[in-house]
Number of protein chains: 2
Amino acid sequence: MGMETRTKQPDSRTRLLNAALHTLRAKGYNATRVEDLCAVAGVTKGSFFHHFRSKDELALAAIAHWDELTGGLFAAAAYHALEDPRERLLAYLDLRSELLAGELPEYTCLAGMLTQETYLTKPELTDACERSISGHAASLVADIEAAMQRYGVEDGWTAESLALHTQAVLQGAFILAKARGEAALAAESIAHLRRYIMLLFRDRT
Amino acid sequence: MGMETRTKQPDSRTRLLNAALHTLRAKGYNATRVEDLCAVAGVTKGSFFHHFRSKDELALAAIAHWDELTGGLFAAAAYHALEDPRERLLAYLDLRSELLAGELPEYTCLAGMLTQETYLTKPELTDACERSISGHAASLVADIEAAMQRYGVEDGWTAESLALHTQAVLQGAFILAKARGEAALAAESIAHLRRYIMLLFRDRT
DNA sequence: GTTACTATACCGATCAGTGGGTATGGTGTC
DNA sequence: GACACCATACCCACTGATCGGTATAGTAAC
């Protein structure tokens with residue numbers, strides 16, 4: 001799986017994982033049949049069970065795949081070069097806003113979706129989702145801490161809690177957007193979060 | 001057995017709806033079997049299909065039941081008597097925080113949960129969820145508008161968008177709480193939202 | 001008798017997972 | 001080069017269990 005030649009088509013395993021990212025986010029875990037994924041990936045069920053021992057195991061692999069993709073996306077983002085940590089946070093939110101441009105199931109969070117559906121029924125999956133969300137939140141903590149220091153915030157809340165709050169807002173925004181069927185709603189929620197962060201980290205002139 | 005049947009227990013239909021509120025929020029729509037609900041409600045499948053034509057119809061009825069219960073709860077809350085609309089909003093959030101005291105699947109939002117799972121697969125259910133969430137959000141708009149006026153806010157955002165944002169935060173907080181398995185997380189997100197509202201509606205002395 | 005409700009046995013569709021098979025490509029041996 | 005050998009990847013037909021829904025028979029109350 002390491003160094004692969006630059007073929008036009010990814011291999012079956014990757015195609016199944018990509019199909020999973022798309023379909024799981026659109027229809028959820030239980031409503032997605034193994035054969036749906038096979039159809040999207042253009043393989044047969046035999047191939048599916050050659051690569052994954054079970055549907056659960058595919059979901060686990062899909063979350064790992066998701067972490068890899070999104071981790072890369074945000075790690076490579078340009079805003080890390082900004083000098084002011086507050087600006088880095090705001091730029092992060094702006095990027096999240098920009099990502100809303102695609103189709104709805106494409107910008108939604110896989111981990112958030114699966115958390116709801118697997119809670120109490122599939123502990124390993126819930127755990128994997130938790131690690132995914134918490135890991136992403138953790139990547140914001142350093143910037144938040146730096147901003148707190150720079151802007152002299154001592155308000156009885158922790159950097160971790162604000163990092164998790166940003167993720168909560170995003171997750172909630174996705175639900176609202178799904179309910180209403182419009183991405184604009186999610187954008188407005190992110191705008192409110194952006195305003196909150198600007199109010200928290202104010203220039204004390 | 002005959003004489004004991006006439007207890008103060010709610011009728012079968014209501015017991016099924018209550019079972020649905022509990023079980024659907026805990027396990028989701030697809031993972032909840034009709035017979036699970038029957039077991040919790042203490043009735044048989046025959047009774048279930050006497051009261052509801054299908055599982056979908058039950059879910060619809062459960063959302064209506066949910067709207068009734070929560071609508072009553074918030075309509076009857078004491079804080080509506082407060083004079084300052086900002087204080088009414090803050091008190092609303094405090095009430096939401098207090099409700100987190102119960103077991104996790106008990107304070108979660110049924111509509112938010114079902115939205116995710118029925119998106120693209122059960123349009124009528126998604127619509128019902130949308131109406132439920134939007135309706136609840138709408139009940140906050142008057143107070144937000146009054147607060148905007150009283151505190152002289154003219155910031156390029158609407159009362160509706162802030163109302164929906166509060167719901168987004170709550171929905172997201174529930175997901176995080178489920179992922180981590182602790183209600184405290186949801187409380188912290190609500191605290192951030194509370195702080196945001198206090199920063200928006202500031203006394204300009 | 002009729003209406004409202006409950007119970008039980010069953011049907012039919014669905015779908016995760018299996019088993020048995022083929023195709024391809026690599027490797028060692030003579 | 002030809003051969004056997006083996007591993008990986010893949011396909012198709014099937015199965016066994018699950019579960020929404022139905023058919024039907026009953027009971028209680030007016």
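Proteins come first, then strands; the chains are lettered A, B, ... in the order of their sequence lines, and each starts at number 1.
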Task: Donor + acceptor pair across side chains of D143(B), H80(B) (<3.5 Å) - done: no
Open item on the list: Counting primed atoms plus P, OP1 and OP2 as sugar-phosphate and everything else as base, spell out the protein contacts along nucleotides 6-13 of chain D at 4.0 Å heavy-atom distance: B, S or - for each nucleotide, 5' to 3'.
Closed with: ---BBBB-
Open item on the list: Nearest whole Å is fine: how far is dG19(C) P from R53(A) CZ?
Closed with: 15 Å
Task: Rounded interatomic separation in angstrom, taking CZ from F52(A) and P from dC15(C) - done: 20 Å
TODO: Mind calculating the distance between CG (N30(A)) and C1' (dA16(C)) to the nearest angstrom?
DONE: 12 Å
Task: Distance (rounded to the nearest 0.5 Å) between Q171(A) CD and T166(A) OG1 - done: 10.0 Å
Side-chain donor-acceptor pairs under 3.5 Å in residues 40-53 of chain A, sequence neighbours left out?
none

Task: Spacing between F49(B) atom CZ and dC11(C) atom C1', to the nearest angstrom - done: 13 Å
TODO: Starting from P on dC5(C), measure out to CG on L16(B) and report it in whole angstrom.
DONE: 12 Å
TODO: Could you tell me the separation between the CZ atom of R33(A) and the P atom of dC15(C), rounded to a whole number of Å?
DONE: 4 Å
TODO: Rounded to the nearest angstrom, tell me the gap between atom NZ in K55(B) and atom P in dA13(C).
DONE: 19 Å
TODO: List the atom of L100(B), the atom of A183(B), and the distance in Å for their closest heavy-atom pair.
DONE: O-CB, 3.8 Å
Open item on the list: What I want to find out is whether R25(B) reaches E106(B) closely enough, with some N-O distance under 4.0 Å, to be called a salt bridge.
Closed with: yes
Task: Atom-pair distance (CD on E35(B); P on dC10(C)), nearest Å - done: 15 Å
Open item on the list: Between D67(A) and R131(A) (salt bridge meaning N to carboxylate O under 4.0 Å), is one present in this structure?
Closed with: no
